[in-house]
Amino acid sequence: MQHTISDGIDLQCYENNHAHRTEEMDVERLVVRRGQPFSVVSDSEQDHGKWWFSQRNAQGEVMLTLHSPADALVGLYSMTVVLLSADGQILEQTKPQTFYLLFNPWCKDDSVYLPSEELLQEYILNENGILYQGSWDDITTVPWNFGQFEKDVVDICFEVLDNSPTALKNSEMDIANRGSPVYVSRTITAMVNANDDRGVVSGRWDGEYSDGVAPTRWTGSVPILRRWSEDGGQKVRYGQCWVFTGVACTVLRCLGIPTRCITNYSSAHDTDANISVDYLFNDQLESVSEGRKDSIWNYHCWVESWMKRDDLPEGYNGWQVLDPTPQERSDGVFCCGPCPVRAVKEGEVGLKYDTPFVFSEVNADLIVWIVHPDGERIQVSQNSKVIGRNISTKSVSGDFREDITANYKYPEGSMKEREVYKKAGRQVGQKNKVPGQLELFIKHAPAVHGTDFDVIIEVYNAGREDTDAQLTVTSNAITYNSIHRAECQRKTTSLTVPAHKAHKEVLRLQYDHYGACVSEHHMIRVTALLQPTDQDNIILQETNIPLKMPVLHIKIIGKAIVSRKLTAHISFNNPLPASLQGGVFTVEGAGLTEAKEIKTHGKIEPGQAVTVKFSFKPTRAGLRKLLVDFDSDRLRDVKGEATIIVRTKM
């Protein structure tokens, strides 16, 4: 019987994509994972280092099964089937057809292999996530729509790689490295930010977002990636650390690299890489840090991706830090990682990539200096316990927080921690020989945005003698990454604290004071500086108070079935004693709807309830999340979500 291939190839997209766990991405195009065979509707020798195929004949058709090596280059492939005569002449050939090849964390020979189905369900297949914000002692959550299997996202992910400086300058070298998750993930951290290249998101932190989208308004990665692609690689304005992190997680999960989002609280930004954060004050206890100053961010987000590190000594496989936020240059460009989490914990700051920077983010000391009028600096305190706290990621078991601080550092004050510090070349601060008599604490009542609330500063005298001191307390409107927007209040008091007694100072924070200057992150930092009269040491305490925000209420009307109309009723009450203007709701959800905007008309008065309706048709079955954001002139970053179980057509 003579074979004919004039009918072309049936790529069996549905069956193959289902077997390769990419059916959510597409069923009309072939998307497969490396190291795992796939079949299309002629014998070659088997060679595990190369591509090979086997064939079976049935009912006038030939079933070809293609086998890719587990270290094959990822990307878009073109395939042609050729029918040869006995003497090697081409008798017939099909039109070329294309397919995508991805990393395969289910394949034990792939360098991204992760041997846990539960972890893969979360770190590859889950299109929804939670990003942690707030402050270390008042953690808040923001839902995020990764949407890595939404229409055309896989194309955009490879488009991002194709636009990297290396790909544009030396395409052959770039393609030759596309089999390495180390190379691909490092490229993605550089390309998610638009600082050096044709990257995706432009970072901005100064509050001026009128020529773009405020970073707090995004609820997912897909609108950002689509906008970047549709605008021909023009940067999307604007992002901040959680936006860069969300976009990087989408791209890496889409490409097949297991990835999770991390938040580090009280994260050091050490501009001069001396593993300390230096705060400078003058004699009046006013901040005099100049220029590119060291700072402690309330929180900072990055991603971890799972991979082997064949480029390093043994023992550093597993989770790697990748930080796509443009902070410091690495090899001349703004990218960071992959840096093995284990190298950070062990203080192995010589291992690539960027381990000293990440080590500093979770381990730096806070050092306070007084700068006298003649320029002389005097160190007045050193604290090794305030930086790198409650390092968090979403649990694989549900929508709750998993604390992974122990992956990054040994317990504070332990012998092992001291050893690691020495290994990292960090000077271990000497304990003061005589412990200070005075102790300083800051407490506050629940802080709801739009209300007045009290902050209590307590000075306790642990000594046997009455002690005189000067207490300066300031409240400042800040951004999450410590940019000072405005001082709300300042209060200086001279006090005498009796032995074994406490002095309490109350600072009343009024909406009239903070409302006009609070940042889009609705964060107030209270700083207390205590200077005993007869000693040259200063006690510094800071607390960051995230103002509690209202929640959007979402009610779903109708049965959730693929392609059938559903309606969401979205409502909230204005909690501020001021009217809101320019109100806009943004709605999106993977498998539910593309991002859509609904504008409100006119003013929203204090206490007024607002309800809007939004109709959509779900596109994919399964557990889905609808995410909503509300934004206005005086109130931003109000979020809500609804979980919907979508069934296939009846």
Side-chain angles (χ1 to χ4, degrees), residues 131 133-134 142 144 192-221 223-225 227-228 231 233-247 267 269 271 287 289-301 324-328 334 449-450 475-488 511 513-525 544 546-547 549 576 578-586 595 597 599-600 603-604 629-639:
L131 307 177
Q133 298 183 349
V142 170
W144 192 263
V192 164
N193 71 70
N195 274 50
D196 304 294
D197 39 48
R198 302 182 61 176
V200 178
V201 183
S202 178
R204 190 159 189 172
W205 284 265
D206 63 2
E208 297 297 325
Y209 311 123
S210 56
D211 59 341
V213 175
T216 50
R217 280 190 59 193
W218 302 112
T219 48
S221 310
I224 296 172
L225 288 165
R227 184 176 294 192
W228 175 83
D231 291 352
Q234 291 291 311
K235 61 189 176 189
V236 177
R237 301 180 171 103
Y238 288 103
Q240 291 171 1
C241 73
W242 70 93
V243 180
F244 295 117
T245 294
V247 172
S267 187
H269 185 117
T271 54
S287 174
S289 300
E290 294 289 321
R292 289 182 71 244
K293 57 180 185 245
D294 289 355
S295 57
I296 301 173
W297 295 22
N298 268 14
Y299 61 86
H300 180 45
C301 303
T325 300
Q327 295 187 84
E328 300 295 322
F334 281 103
H449 195 15
S475 64
N476 294 286
I478 58 156
T479 61
Y480 82 95
N481 61 328
S482 288
I483 294 175
H484 177 110
R485 287 278 169 84
E487 185 169 281
C488 304
Y511 179 75
H513 287 147
Y514 70 76
C517 58
V518 72
S519 78
E520 66 273 21
H521 306 120
H522 34 84
M523 190 86 70
I524 303 288
R525 173 173 290 172
N544 297 307
L547 300 168
M549 299 293 284
L576 302 186
S579 59
L580 308 177
Q581 296 198 53
V584 59
F585 292 89
T586 308
E597 283 190 355
K599 290 185 165 66
T600 61
K603 286 183 181 176
I604 304 170
D629 169 78
F630 174 78
D631 187 82
S632 67
D633 59 343
R634 295 188 70 125
L635 189 66
R636 306 195 112 153
D637 196 21
V638 184
K639 305 284 193 229

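Given the structure is predicted, the values throughout are model-derived calculations rather than measurements.
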Side-chain donor or acceptor of Trp218 paired with backbone N/O of Trp144 under 3.5 Å: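 Judged by distance alone, no pair lies under 3.5 Å.
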
Side-chain donor/acceptor of Asn193 to backbone N/O of Pro324, under 3.5 Å: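 Yes.
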
Donor-acceptor contact present, side-chain Ser202 to main-chain Arg237, <3.5 Å: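 No, the answer is negative, given that no donor and acceptor are paired below the 3.5 Å cut-off.
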
Side-chain donor/acceptor of Trp228 to backbone N/O of Val201, under 3.5 Å: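 Not at all, since once roles are kept as given, no pair shorter than 3.5 Å links the two residues.
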
Heavy-atom pair of closest approach, residues Ala194 and Lys235: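 That would be CB-CB, 3.5 Å.
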
Asn298 side chain near His521 side chain, heavy-atom distance below 4.5 Å: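 Not touching, per the 4.5 Å side-chain cut-off.
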
Flag, side chain of Gln581 to backbone of Ser632, donor-acceptor distance under 3.5 Å: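 No, Gln581 side chain to Ser632 backbone: no donor-acceptor pair under 3.5 Å.
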
Ile478 backbone acceptor or donor facing Asn476 side chain under 3.5 Å: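 No; zero donor-acceptor contacts below 3.5 Å.
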
Under 3.5 Å donor-acceptor, Ser482 side chain and Ile296 backbone: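 Checking the backbone N and O of Ile296 against the side chain of Ser482, a donor-acceptor pair under 3.5 Å is found.
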
Under the side chain to side chain donor-acceptor pair (under 3.5 Å) test, residues paired with Tyr480 that sit two or more places apart: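 Here the qualifying residues are Trp205.
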
Close side-chain approach of Trp242 and Thr216, heavy atoms under 4.5 Å: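 The answer is yes; the side chains approach within 4.5 Å.
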
Polar side-chain atom of Thr245 near backbone of Cys301 as donor-acceptor pair, under 3.5 Å: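 At least one qualifying donor-acceptor pair exists.
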
With sequence neighbours excluded, residues passing side-chain contact (heavy atoms from CB on, under 4.5 Å) with Arg485: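 Arg485 satisfies side-chain contact (heavy atoms from CB on, under 4.5 Å) with Tyr209, Ala477, Thr479, Ser519, Glu520 once adjacent residues are dropped.
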
Distance (rounded to the nearest 0.5 Å) between His269 NE2 and Asn481 CG: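 One finds 9.0 Å between NE2 of His269 and CG of Asn481.
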
Donor-acceptor under 3.5 Å (Arg227 side chain, Asp231 main chain):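 Answer holds: no.
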
Pairwise side-chain contact, Ile483 with Asp206, heavy-atom cut-off 4.5 Å (strictly under):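 Ile483 vs Asp206: side chains apart.
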
